[in-house]
Trainee: 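Here's a structure for you.
Start at 1 and go down the list; that is how both ligands and their atoms are numbered. Values reported hereafter were calculated over all heavy atoms of this structure, with side chains retained and with hydrogens, waters and symmetry mates removed.
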Amino acid sequence: MYVARSARHWADKPAILFRDRAVTYGELERRSNQLAHALRALGLQRGDRVAVVSPNRPEIVELECALYKLGLVKVALNSRLAPGELVDALDNAEPVACLAGPEHRAMVEQATERVKSLRHLIAFAPAPGAAPWADYEALLAAQPDTHFHVDMRPEELAVLHYTSGSTGKLKAAMQTVGNRMASLRKVIMGRMQAQPGDVLMLCGPITHASGMFIQPMLYQGATLLLMERFQPAEILEAIEKHRVTMCFFVPAMIYALLAEPSIKTRDLSSLRLVSYGAAPMSPARIREAWAAFGPVLSQGYGAGETTGGVVALGINDHRRAIEGERPELLSACGRPICESDVQVLDEQGQPVSGDAIGEICVRGPDVFAGYWRAPEQTSDALAADGWLRTGDLARVDREGYIFIVDRKKEMLVSGGFNVYPSEVESVLAQHPAVYEVCVVGVPDDHWGETVKAVVVLREGAQADGGEIMDFCRGRLADFKRPRSVDFVPQLPKNGNGKLSRKDVREHYWRGRER
Ligand code: ATP
Ligand code: MG
């Protein structure tokens with residue numbers, strides 16, 4: 001959006017670091033202009049959709065800038081999805097062009113059999129140099145780097161953002177130019193003020209959710225450090241080597257970093273913000289992370305439908321909790337950031353208070369324009385009164401902090417009582433032998449469902465099911481306590497690194513109706 005402006009201010013400053021290479025703001029502007037000319041020369045028109053599937057690399061940032069210059073729509077897919085899921089999503093999005101690295105080219109070629117809209121395939125290096133692929137570098141080299149700009153209206157579509165698929169099939173949230181602008185302001189005002197010299201490390205896929213940090217960082221002249229994959233020791237090494245000041249992780253990544261022995265010896269003192277979110281994280285683990293990273297933690301809550309975070313638990317909120325003023329705040333996801341109206345409403349649309357549980361609802365400039373080609377899902381989520389119903393249940397306290405209870409769809413009913421798996425998981429996470437845990441309802445002829453805990457033990461730790469169940473006595477109401485425990489070496493995650501509870505549940509419900 002603003003790369004031309006940033007290139008005027010900071011031409012020689014690094015916009016991107018990748019492996020041992022730096023791309024300056026000047027280069028980024030020139031190369032994204034060349035790419036915009038190239039896409040125009042291929043015949044792409046304003047409003048056309050363009051997909052990119054690749055692990056993180058600088059060309060994805062170039063593409064993101066070029067798409068804004070041309071008014072094209074980015075199909076935001078998580079490159080870590082399974083090939084079948086990616087093909088389904090491409091089929092749904094019907095892009096005109098697809099850019100891919102060597103890792104995904106076979107999948108994209110296979111997709112062209114079904115996705116007839118795909119007319120242009122562009123390969124990042126090392127390129128195959130043969131049809132159907134055009135070589136990305138050759139396309140750029142043939143074009144001038146003169147500035148390119150179209151004025152986009154706020155209501156125009158900017159991104160088709162495929163949600164994580166935690167609760168069902170992938171669906172695409174339509175994010176407009178206005179939504180993305182609101183998201184940029186939110187990132188900056190809410191949590192990530194930066195300046196030249198700041199280094200933001202991104203190890204989640206920037207083709208997808210982590211892409212929301214690209215434009216805010218470029219606008220502020222900061223540097224994006226792109227990691228191709230998440231490997232805990234490499235991540236810690238890179239923080240030390242590049243003097244990283246900010247990073248974004250999902251909880252599962254933080255757990256893996258905490259278990260990595262070199263976290264004790266690496267110099268992490270450059271960090272001033274460790275932002276996390278996208279899934280619940282237990283207070284016990286937040287405390288461990290605070291001890292390991294220092295007083296730099298900030299949590300965000302949001303969704304594809306809200307174009308990024310709408311609620312944040314900032315560093316000071318963490319401090320209030322950890323220093324004992326309000327310990328329970330570590331169970332909150334925070335307070336609304338800005339821009340949006342975020343309220344927890346009951347079924348009649350009234351704000352809840354006290355112990356009452358309601359649904360987190362959002363209204364404002366960052367609320368998406370509906371699901372792509374799914375009018376029924378759109379009307380379920382977007383009420384006529386303009387509120388987005390997020391499907392997340394929560395309480396609100398007297399200071400306006402929002403405490404997520406769980407997703408509406410995750411609640412299980414045991415003997416007539418509602419149980420929220422997240423709450424049970426949060427207690428189990430305090431057990432010293434538990435590395436990770438997923439709680440699901442399993443079929444039971446007497447109770448309808450009973451609570452099962454599926455546990456991954458910490459390396460070298462031992463515990464049996466009885467001990468885990470006993471641990472919950474006195475910490476949880478009787479009906480919430482797990483009645484059975486299974487141990488597994490690892491839990492299924494979706495492409496974002498989020499726990500896929502639906503896959504765990506399915507294992508126990510196969511062939512039965514819930
Ligand atoms: P799908 O909608 O396809 O089932 P998804 O909801 O996981 O998948 P996203 O839009 O990526 O897809 O994720 C948004 C959801 O993630 C939120 O609705 C909420 O349930 C969860 N979430 C996000 N941030 C937090 C947080 N800080 N704490 C707890 N849960 C969170
Ligand atoms: Mg969702």
Trainee: So, do Glu305 and Lys171 sit near enough that their side-chain heavy atoms are less than 4.5 Å apart?
Mentor: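 Yes - at least one pair of side-chain heavy atoms lies under 4.5 Å apart.
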
Trainee: Quick one, Val244 and Leu271 - any side-chain contact, counting heavy atoms below 4.5 Å?
Mentor: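 Sidechains of Leu271 and Val244: in contact.
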
Trainee: For Glu155, does the CD atom sit with more than 12 other heavy atoms under 6.0 Å from it, leaving out its own atoms?
Mentor: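 Counting neighbours around CD of Glu155, more than 12 heavy atoms of other residues, nucleotides or ligands fall under 6.0 Å, so yes.
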
Trainee: Describe, in one word, how the ring planes of Tyr276 and His318 are oriented to each other, choosing from parallel (under 30°), tilted (30 to 60°) and perpendicular (over 60°).
Mentor: perpendicular

Trainee: For ligand 1, which atoms have a heavy atom of Gln299 less than 4.0 angstrom away?
Mentor: 26 (C), 27 (N), 28 (N)

Trainee: Among all protein heavy atoms, pick out the one at the shortest distance from atom 7 (O) of ligand 1; state its residue, atom name and that distance to 0.1 Å.
Mentor: Ser166 OG, 2.5 Å

Trainee: Indicate, as side chain, backbone, both or neither, the part of Lys498 found under 4.0 angstrom from ligand 1 when only non-hydrogen atoms are considered.
Mentor: side chain

Trainee: State if Gly391 counts as touching ligand 1 under the rule of any non-hydrogen atom under 4.0 Å.
Mentor: no

Trainee: Among Arg285, Arg458, Lys493, whose salt bridge (Lys or Arg N to Asp or Glu O under 4.0 Å) with Glu436 holds?
Mentor: Lys493

Trainee: Is there a polar contact between ligand 1 and Gly304, counting only N or O atoms under 3.5 Å apart?
Mentor: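 Yes, there is a polar N/O contact under 3.5 Å.
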
Trainee: Of the protein's non-hydrogen atoms, which lies at the shortest distance from atom 20 (O) of ligand 1, and what is that distance?
Mentor: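 Residue, atom and distance for the closest contact: Asp392 OD1, 2.7 Å.
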
Trainee: Considering only non-hydrogen protein atoms, determine which one is nearest to atom 4 (O) of ligand 1 and report residue, atom name and distance to 0.1 Å.
Mentor: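 Its nearest protein heavy-atom neighbour is Thr167 OG1, 2.4 Å.
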
Trainee: Which residue and atom name correspond to the protein heavy atom nearest atom 6 (O) of ligand 1, and how close is it?
Mentor: Arg407 NH1, 2.8 Å

Trainee: For Ala278, which part has a heavy atom under 4.0 Å from ligand 1: side chain, backbone, both, or neither?
Mentor: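 Answer for Ala278: backbone.
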
Trainee: Which is closest to atom 23 (C) of ligand 1 by heavy-atom distance: Gly302, Gly165, Ala172?
Mentor: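 Ranked by closest heavy atom to atom 23 (C) of ligand 1, first place is Gly302.
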
Trainee: Taking only heavy atoms of Ile404, which atoms of ligand 1 are found under 4.0 Å from at least one of them?
Mentor: 28 (N), 29 (C), 30 (N)

Trainee: Counting only nitrogen or oxygen atoms and a 3.5 angstrom limit, does Ser164 reach ligand 1?
Mentor: yes

Trainee: So Arg114 and Asp88, do their side chains get closer than 4.5 Å, heavy atoms only?
Mentor: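 Result yes, sub-4.5 Å side-chain heavy-atom pair found.
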
Trainee: Below the 3.5 angstrom mark, is there an N/O of Lys171, backbone or side chain, next to an N/O of ligand 1?
Mentor: yes

Trainee: Around atom CD of Glu234, are there more than 12 heavy atoms from other residues, nucleotides or ligands closer than 6.0 Å?
Mentor: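 Counting neighbours around CD of Glu234, more than 12 heavy atoms of other residues, nucleotides or ligands fall under 6.0 Å, so yes.
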
Trainee: Nearest to atom 29 (C) of ligand 1, what protein heavy atom do you find, and at what distance?
Mentor: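 For atom 29 (C) of ligand 1, the nearest protein heavy atom is Pro280 N, 3.3 Å.
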
Trainee: To the closest 0.5 Å, what do you measure between OH (Tyr219) and CZ (Arg185)?
Mentor: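 Taking OH in Tyr219 and CZ in Arg185, the distance rounds to 10.5 Å.
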
Trainee: Which of the numbered atoms in ligand 1 are below 4.0 angstrom from a heavy atom of Tyr301?
Mentor: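 Every atom of ligand 1 under 4.0 Å from some heavy atom of Tyr301: 19 (C), 23 (C), 24 (N), 25 (C), 27 (N), 31 (C).
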
Trainee: Would you mind finding which of Ala332, Cys333, Ala303, Gly300 brings a heavy atom closest to atom 27 (N) of ligand 1?
Mentor: Gly300

Trainee: Measure across Phe230 and Ala256 and return the closest heavy-atom pair with its distance rounded to 0.1 Å.
Mentor: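 In terms of heavy atoms, the two residues are closest at CE2-CB, 3.8 Å.
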
Trainee: Of the non-hydrogen atoms in Asp317 and Ala312, which two are nearest, and what is the gap between them?
Mentor: OD2-O, 4.0 Å

Trainee: Looking only at heavy atoms, is any part of Ala209 under 4.0 Å from ligand 1, and if so is it the side chain, the backbone, or both, or is it neither?
Mentor: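 Ala209 to ligand 1: no contact under 4.0 Å from either part.
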
Trainee: Kindly give the heavy-atom pair with the smallest separation between Gly448 and Trp509, and that separation in Å.
Mentor: O-CH2, 4.5 Å

